[in-house]
Amino acid sequence: MRYLPKSPADRDAMLKAIGVRSIDDLFSPVPAEYRLARDLKVPRQMAESEIVDWFKQRSKENGDDYTSFLGAGAYFHYRPVVIDALVQRGEFLTSYTPYQAEFAQGTLQAIFEFQTMISELTGMDLANASMYDGSTGAAEAVMMAVRITGKSSAVIARSLHPEYREVLQTYATHQGIPLKTVAYADSGRIDLKELEGTFTDDTACVLIQSPNFFGTIEDVEAIAEIAHKKGALLIVSIAEAVSLGIVEPPRAADIVAMEAQSFGVPLGFGGPYCGVLATKDKFVRQMPGRLAGQTLDKNGKRGFVLTLATREQHIRREKATSNICTNQALVALMVNIFMTVYGKVGLRELAKQNLAKTAYAADQFGKNAKVLFGGAPRFNEFVAQTSEDPAAINSRLLGHKIVGGLPLKKFYPELGNAALWCCTELTTRSIIDTAVGLVAESERSVRSMKETEEVAL
Amino acid sequence: MRYLPKSPADRDAMLKAIGVRSIDDLFSPVPAEYRLARDLKVPRQMAESEIVDWFKQRSKENGDDYTSFLGAGAYFHYRPVVIDALVQRGEFLTSYTPYQAEFAQGTLQAIFEFQTMISELTGMDLANASMYDGSTGAAEAVMMAVRITGKSSAVIARSLHPEYREVLQTYATHQGIPLKTVAYADSGRIDLKELEGTFTDDTACVLIQSPNFFGTIEDVEAIAEIAHKKGALLIVSIAEAVSLGIVEPPRAADIVAMEAQSFGVPLGFGGPYCGVLATKDKFVRQMPGRLAGQTLDKNGKRGFVLTLATREQHIRREKATSNICTNQALVALMVNIFMTVYGKVGLRELAKQNLAKTAYAADQFGKNAKVLFGGAPRFNEFVAQTSEDPAAINSRLLGHKIVGGLPLKKFYPELGNAALWCCTELTTRSIIDTAVGLVAESERSVRSMKETEEVAL
Amino acid sequence: MKHMTRKATRHINQNEGLIFEKSSPGKAAWKLPPLDVPEVDTAKLLGKSERKDLGHMPEVSEIEIIRHFTRLSTWNYAIDLGMYPLGSCTMKYNPRVNESVSRIEGLANGHPYQPAKISQGAMRIMKTLSDCLIEITGMDAITLQPAAGAHGELTGLLMVRAFHESKGNARKKILIPDSAHGTNPATAATVGYAVENLKSNDRGMVDVAALAAQMNEDIAALMVTNPNTLGVFEQEIHKIADLMHEKGGLLYMDGANMNALVGKVRPGDFGVDVMHLNLHKTFSTPHGGGGPGSGPVAIKKILEPFLPTPVVVTKSDGTMAFDYNRPQSVGRVRAFYGNFGMFIRALAYIFANGPDGLRQTTEDAVLNANYIRKGLEGVYDLPYETPSMHEVVFSDKIQSKKGVKTMDLAKRLIDYGFHPYTTAFPLIVPGALMIEPTESEPKEELDLFIEAMKSMAEEVEEDPQFVLDAPHNTRISRLDETLAARKPVLRWTPEKV
Amino acid sequence: MKHMTRKATRHINQNEGLIFEKSSPGKAAWKLPPLDVPEVDTAKLLGKSERKDLGHMPEVSEIEIIRHFTRLSTWNYAIDLGMYPLGSCTMKYNPRVNESVSRIEGLANGHPYQPAKISQGAMRIMKTLSDCLIEITGMDAITLQPAAGAHGELTGLLMVRAFHESKGNARKKILIPDSAHGTNPATAATVGYAVENLKSNDRGMVDVAALAAQMNEDIAALMVTNPNTLGVFEQEIHKIADLMHEKGGLLYMDGANMNALVGKVRPGDFGVDVMHLNLHKTFSTPHGGGGPGSGPVAIKKILEPFLPTPVVVTKSDGTMAFDYNRPQSVGRVRAFYGNFGMFIRALAYIFANGPDGLRQTTEDAVLNANYIRKGLEGVYDLPYETPSMHEVVFSDKIQSKKGVKTMDLAKRLIDYGFHPYTTAFPLIVPGALMIEPTESEPKEELDLFIEAMKSMAEEVEEDPQFVLDAPHNTRISRLDETLAARKPVLRWTPEKV
Ligand SMILES: Cc1ncc(COP(=O)(O)O)c(C=O)c1O
Ligand SMILES: Cc1ncc(COP(=O)(O)O)c(C=O)c1O
């Protein structure tokens, strides 16, 4: 096997040194009846060229030449090539969690910079080193709020990503955290009235998303005011990180639970992504996940270490703030590099392009279909309602190598023939125009069908 | 401009420190009439995503989904992924010629290992660090032989790569090196009789290729005997490095001029490739190009340096062994890694697969067309003569996304409707069968056309 | 620098500040294409939601970014540089072809919600990997959704809970041996179970008699690691399983140590009901400085109804689809389908190995650990003499007599050019040196390691203070962790002027 | 370690032997797919041409290869690590997007002989690059075939020769200033010309009066470097051109220093007839430890008939083709079309810059050199006070009084974490320190460099022996070059047992 650095002679010499006759002697602790006497039924050993061919084949079956209008928690942005050039350096790629700080200063300083930039962007005091993803991060944030407030229930917006809601549901059930869901208003924003009425004395937090699942930007301050008045914390989930370039961050929130995939992480069919939590200084000891902190060496030189480990499972076991151990470090490094590439000015310009493309698309769609939630600002997604089932329109778009917006029937049946469309800086005007053209055609044919029907009556 | 690490403030501070008012002051040495007062007419500054798109577009126009039977000095072998993973490390990629040995031991030790492996594979005593490519290497070898022997003319095989011959012609003309060409025999090998008769007292060397341009393996020993008897050197050009895994190296040669592209270098539309010269110890001081040598540091530790620089242009100027300065170092590193991956056993097995695929293909072609030069062993290429013009057959193959063998009319008009076909370990049986099928069809239709004509007569 | 082995030497290395310290207004590493739609009035579109300023975000050029991260990287140790014997972490070679295939365009750019028709490639990868892992573990079904080992534990215990609930009683407790990793109890708590400690016997294994006494109908499951964190195979594993099953409990196996078993022993064959795998350990996906991982959970038939949604299924026409209609499911444990990029890598690893390679890998891993054990026996204290599988745990008992603890030795080992072993785990060994070489180490590297460890032991005898002051050869000396925790500085802030 | 700047610190670094020393029979890093055609009897097919043994070729595993080359790489300095001010080498940032686009499948796997129909992409790249370079140089036509600068010189002089031959007299000599790079005279010799030396004046420039005196009908061309190797712009360049042209000679420009001119001055505008470019200098293709390069030759109309074959042309239907039918061509200078991979990279660089970026790049390169000059004036001797363009040449005159030569200073500079400048070139400056920072250096790095150079100068005053013994901070101390040359060991051989 080509990964194994031993010759038969090496193995023999080692067995001899150990003082056993054969490798089987070393497996004698395993009761004979459990030793596998046959080959595993997995594919035979393949040449590297065969492996590459196999996956190229899978790639071809996976729509490698389509343009897409999908967003909904996973965004297609341009990834500067320096990201992969750097994260593939063996020193980053093949190192472990930086437990031995003196031999891992590269990873540690990078985490420290990541924490700084996430804090800066989210408007929080500090951020952790990463969580699995936006959905689990949001669930952990709710559990954190429960620990901080000593209260036990949570309120969540229905405009929070439906899969995030499902994950939260899974986590909350066995933590004994009752969840209440608050509907969205006609503006697409959370229904503030309903929200106010939902709080009880036991409400630890309200969890919203902004821009929310529909792309609508919430009025975070207003929500914060309500939550704080009721003694609850506000958690804001951010699924589209690029929005932070042009959308005011949720400074009034207590915890920000972010999915940073948009910042340089490949779509990768859903993962690995990069969750991260940011919060206020005062809550740091209830924060789950790893934290890098600055310190000094014996000679007074600045250096970085993992710190406040007493929050974590390897020290506190069942009393830890979370069971998380392995996180998404290398993905966080991608995010880090992306943020560094775009920086203070670039992130704003990037977000502006997203805004402009989406505004244009929503405008064009609006001429043919019904674009919902016009009453509040949006970032790079919008919901369009068509006369025809969007799945049907999408299958025609597929013929043009275009993946249309996400049909919402599954998640929001009340919205009827609605779909969630997303445009980023990579969505060209011509592809928007093509998609709009096909939607317009659909509307026309439905209309003419209706007319025919009417005539027939 | 995103590659430039300066802010406007930095530039101002620097101008101030220098004591000039504006950047233009620094260009005052350039007479005003030559200063360009307008923008260059080159494409406007592009975003990285645009650059990537532009080249992807070019890639699509470049037959990115074809299978090919082309060889003829440029071979499609599998490139283990570790090659690119390693040569893209900035420490290799962005370092210069290792002039400061203590700060370049990585490059130097790698070159030393390269030289060792090339010597080992070619059966020579030593090898240099690289030449531009196989063609210029062959020309330099002839010039080297002229210096060594003090004689001035050279004999070359007509079965040497036609473009290598052209290059040699270009170089030789102004060196006053008359060239004589020796034909190939029916076996595809050099015509030994003619060869013998070609020598004069002034013949410095004979230059052959083995496997030669037709894929035929020459009888190197017999040729060496003839050359040496006449006091001339034998130079063997090797264009298909993989052959060295199974074909006896030209140990009887005095100089081996090799193109190592087959060893892990992308086809890349013809370059960069990796020429390299290997020779006997006694000729080292006439060797062109860089050489890494072993030495010791002040504490007796082993280390490596560029050595025997007195052969080179930066020391000897017009008396140097060659004008070469920049060579193909990073490509040589690719070759180095490829040789290390396959090693002693793998190179043989790889060569055997090439042999087997080609034997199968030649067999199959032989059933339908005329395969020439059956009288001598071949490696991974063969010449097939068809009734129809191979260009016509090829254009039908193109329709099946197959690039057929190289039509030889341009280089060897005497061979008529012949084409040079190459199979490597990447050529599948099914693609061979498809190509054979189309060739068979061509033969059938020519035959039936002839029959029709005959009937018509 | 006292003793110096043949392993490493000091060399010049670049300093580098924080990226914020390099920032200057007007520098940029980005460039956007010209906008092909009308410009928008952001104030008009966003109103008070418009962000005006991005604070201290850096402004630097591309070359500075390349240098920044390249320089930083040189301060790290890595598998690519040498042996990384962190016990329980399985720091094996991360094949480069894995990285290459995971970046193929149609896989890297696949959107999780793209239509099934153009997701067949991704689903086929998930299905093929699932099948392989089921065969390797000897289990019946699997979910790939969990993002890491601890997340796998959570998912597994959720299924345990759902199973018991389906029988009318969720039960109250999870039994966990005292040698277990911290994530085990932490996970149990997250799923709402109390943790009951199970003492190891003097051979470092589960005390079967104690287990028999402790087991009752309040206990939902036992979480066992096998081989356990001492690197010891639980020889009475089937008895343990029987004891659990007799009382209606389930046997959970933490599969962190599967590298000792693959191709040789299958947990499904010795009575395990539910287990997680760490693709980032056993199946060679890179650790990347702490993640990402992937923690698939393999289960027996009885737990299948409770799998998280969705599950990849093959339809009657041979195409694949996600099945969301699973009424007894524990629900989702994360958005989308898991760390898909890691599935690709793990599958590429399985392909590269085949059945013979996987078996040989396991054998070499066990061989390496035993070779180290043999080489260091007597030099370091071996708290448990039970045979070792893929890792060996020594203690600092001998060296601590001179005041030198496992962490001090670890710091000195860095000077020798090795990443240290795992310290301070498992808890049942005070001052543990937990060494897992994996199969990826050549004999040469193991010999250098043994030499370094022996040399260090001599240094402790000759000059303990020198070892206590380590590391001496790194660009930075020992860092003050107490200071970091006492006054946490968790982000950069500009110096006040 | 005496003085130590803020630039670098020592850190632990891995040792590594030769790959042959790791070899052991039976290890392998390769695996071939199963053969899908019948096995062959190699003895029968090849007879006595069959090779039986591959001698000392290594047998190692993949992880060992990764470690071997990763470890080796850490012993190198590189642009990615910091400033690399080798004069005349233009060690600028090598953008990563260049590497990325050059690996796109249809470009990386294109066969040079594939039909024109499926080579349009590659030809379009060649054509676009040619057009850009012609515009940048102000010339009329170009060949991309030469593989490096020296190869470009060869090609250029071949065209010069062909031009003169077409006029009936090839002429005999090439005039070359004493400040020229060694490849210039070496190339002239290769093309069969004698070299005549041209003395520089006291300002380091071509002595125009001397030139006027020396120029005659035997002289085929003058090879001038502009800015010359002192970094000085030849202010009387047009006079020089006129002098050449008057006597029927041609003006060849070595374009190694085009980084001082791009977007600001065009050689075609100041009288140059033929020149080469170094894509591996001015146009950011990586040096890769010594190559590959690419040395396109740009020419005026009069030389066009002599271009090497083939030439890319646009056909009337808009498609591109290679034109081989050029009866006056000098012939081929290499197989196929040149270092195509470098064309991709250079063009990507031009695209990334655009006209504004190219100009700014040149300005920054000149700014950086002058900043260093200012910073070190007085500390090191400046043999020519003529204004500097993109590089500055000092000498070791001051330091050599203490016995410290430019090469010694260079070795000490390594200790400070910088790659040295170019030593011992140009020949007209004894003990030269030839410093070319390029535009890729931030002010911060330049300040560190100036600090290091000053600190070193102080060390020479305080303790010259310490400098003579440098480097002190590298993993290996100063290497014995004499030993290497006296008893050349150019390959590994196994030790006799
Ligand atoms: C025995 C054991 N269990 C569980 C875990 C947790 O796995 P992860 O870090 O993937 O969450 C680890 C990780 O080190 C471990 O060693
Ligand atoms: C002034 C000058 N001319 C010519 C050359 C030769 O160029 P190349 O190394 O690309 O052959 C160099 C290379 O360093 C140079 O500096």
Side-chain angles (χ1 to χ4, degrees), chain A residues 1 5 10 29 39-40 42 44-46 55 58-59 61-64 70 86 90-91 94-95 97 102-103 105-107 116 120 126 132 135 163 166 170 174 248 266 268-272 293-295 297-298 303 307 313-314 317-318 320 323 326-330 341 344 346 356 360 377 429, chain C residues 29-30 36-37 40 46 51 54-55 57 69 72-73 75-80 101 104 106 108 110-112 118 120-122 132 147-148 150 182 185-187 189 192 195 233 288-293 331-332 335-336 339-341 351 354-355 357 442-443 474 476-477 479 484 489-492:
Chain A
M1 206 284 122
D10 291 336
D39 273 0
L40 285 171
V42 297
R44 66 154 173 82
Q45 202 174 118
M46 290 187 194
F55 283 101
R58 299 295 80 72
S59 167
E61 296 162 5
N62 223 50
D64 62 354
L70 290 172
L86 291 166
E91 291 89 334
T94 74
S95 65
T97 308
E102 297 83 0
F103 227 12
Q105 281 297 296
T107 294
T116 303
E120 200 70 49
L126 59 94
Y132 300 139
S135 69
E163 295 197 2
E166 288 180 46
T170 306
H174 309 296
E248 180 64 8
F269 207 64
Q294 183 175 310
T295 189
D297 79 351
K298 289 202 301 185
T307 193
Q313 46 70 30
H314 61 284
R317 302 179 78 86
E318 62 268 33
N323 71 333
T326 290
N327 59 16
Q328 301 286 117
L330 198 75
V341 166
K344 187 178 171 79
Y360 172 79
R429 180 183 195 138
Chain C
W30 59 276
D36 62 358
V37 297
V40 287
L46 297 177
R51 179 174 208 157
L54 274 75
M57 291 298 286
F69 289 103
L72 257 53
S73 78
W75 305 345
N76 274 3
Y77 188 76
I79 303 173
D80 281 8
V101 293
I104 298 173
H111 192 286
I118 56 169
Q120 291 297 309
C132 288
T187 302
V195 171
F233 190 85
R332 272 190 174 281
F336 313 123
N339 281 347
F340 178 77
F351 285 168
K443 180 171 176 298
T474 45
I476 214 157
S477 64
L479 287 159
V489 178
L490 304 175
R491 55 155 297 172
W492 173 85

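Side chains included, hydrogens not; waters and symmetry mates left out as well; all remaining heavy atoms used. As the structure is a computational prediction, the values presented were derived from the model and not from experiment. Chain identifiers are assigned alphabetically (A, B, ...) following the order of the sequence lines, protein sequences preceding nucleic acid strands; residue numbering begins at 1 within each chain.
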Find the one option among A:Thr97, A:Leu126, A:Asp10 whose heavy-atom pairs under 4.5 Å with chain C are most numerous.
A:Thr97
Flag the one option from A:Gln294, A:His314, A:Met46 with the top tally of heavy-atom pairs under 4.5 Å to chain C.
A:Met46
Can you tell me if A:Arg429 uses its side chain to pair, donor with acceptor, with the backbone of C:Asp36 under 3.5 Å?
yes
Taking every non-hydrogen pair under 4.5 Å, which of C:Ala189, C:Gly192, C:Ala148, C:Ala335 racks up the most with chain A?
C:Ala335
Mark yes or no for whether A:Asp297, through its side chain, and C:Ile476, through its backbone, hold a donor-acceptor pair below 3.5 Å.
no
Distance, nearest 0.5 Å, that separates OG of C:Ser73 from CG of A:Leu86:
8.0 Å
Side chain to side chain contact (heavy atoms under 4.5 Å, CB included) between A:Gln105 and C:Leu479, intermediate numbers included:
CA-CA 10 Å; A:Gln105 281 297 296; C:Leu479 287 159; 3.2 Å; yes
Taken to the nearest 0.5 Å, the spacing of C:Leu490 CG from A:Thr307 OG1 works out to 7.0 Å
First locate atom CD of A:Glu61, then atom CD of C:Gln120, and finally report the distance between them rounded to the nearest 0.5 Å.
7.5 Å
Most chain A-contacting option - heavy-atom pairs closer than 4.5 Å, from C:Ala150, C:Gly354, C:Pro355
C:Pro355
Heavy-atom distance under 4.5 Å to chain A: side chain of C:Thr187, backbone, both or neither?
both
Please walk me through it: do C:Asn339 and A:Gln328 pass side chain to side chain contact (heavy atoms under 4.5 Å, CB included)?
CA-CA 10 Å; C:Asn339 281 347; A:Gln328 301 286 117; 3.3 Å; yes
Pair count under 4.5 Å, heavy atoms only, with chain A: among C:Gly290, C:Gly331, C:Gly182, highest is C:Gly290
Top contributor to chain A contacts, counting heavy-atom pairs under 4.5 Å, from C:Gly341, C:Gly293, C:Gly357, C:Ala484:
C:Ala484
Student check: side-chain heavy atoms of A:Leu330 and C:Pro292 closer than 4.5 Å
yes
Sort out for me which of A:Glu248, A:Glu91, A:Arg317 touches chain C most, counting heavy-atom pairs under 4.5 Å.
A:Arg317
May I ask you to name which of C:Asp80, C:Ile79, C:Val195, C:Asn76 has the most heavy-atom pairs under 4.5 Å with chain A?
C:Asn76
Just how far is it from atom OG1 of A:Thr94 to atom OH of C:Tyr77, taken to the nearest 0.5 Å?
9.5 Å
A:Asp64 side chain reached by C:Ile104 side chain, heavy atoms, under 4.5 Å:
no
Of the non-hydrogen atoms in C:Ala78 and A:Gly90, which two are nearest, and what is the gap between them?
CB-O, 3.3 Å
Comparing C:Ala29, C:Ala147, C:Gly55, C:Gly110 against chain A, the one with the most heavy-atom pairs below 4.5 Å turns out to be C:Gly110
Please name the pair of heavy atoms, one in C:Ala108 and one in A:Pro266, separated by the smallest distance, quoted to 0.1 Å.
O-CB, 3.5 Å
Identify the heavy atoms of C:Gly106 and A:Ser59 that sit nearest to each other, and give their distance.
N-OG, 3.0 Å
Looking at side-chain heavy atoms only, is the closest gap between C:Phe336 and A:Glu163 below 4.5 Å?
yes
Which of the residues A:Lys298, A:Met1, A:Gln45 is involved in the greatest number of heavy-atom pairs with chain C at under 4.5 angstrom?
A:Gln45
How long is the straight-line distance from OG1 of A:Thr116 back to CE of C:Met57, given to the nearest 0.5 Å?
10.0 Å
Below 30° counts as parallel, above 60° as perpendicular, anything between as tilted: where do the rings of A:Phe55 and C:Phe351 land?
tilted
Which atoms of A:Ser95 approach chain C - backbone, side chain, both or neither, heavy atom under 4.5 Å:
both
Are any of the side-chain heavy atoms of A:Glu120 and C:Arg491 separated by less than 4.5 Å?
yes
Closest-packed option against chain C by number of heavy-atom pairs under 4.5 Å, given A:Gly293, A:Gly63, A:Gly303, A:Pro29
A:Pro29
Is A:Tyr360 in contact with chain C via its backbone, its side chain, both, or neither, using a 4.5 Å heavy-atom distance?
side chain
Report the C-alpha distance between A:Thr295 and C:Val489 in whole Å, list the side-chain angles of each, state the deciding distance to 0.1 Å, and finish with yes or no for side chain to side chain contact (heavy atoms under 4.5 Å, CB included).
CA-CA 8 Å; A:Thr295 189; C:Val489 178; over 6 Å; no
Shortest non-hydrogen contact from A:Pro5 to C:Pro442?
CG-N, 3.5 Å
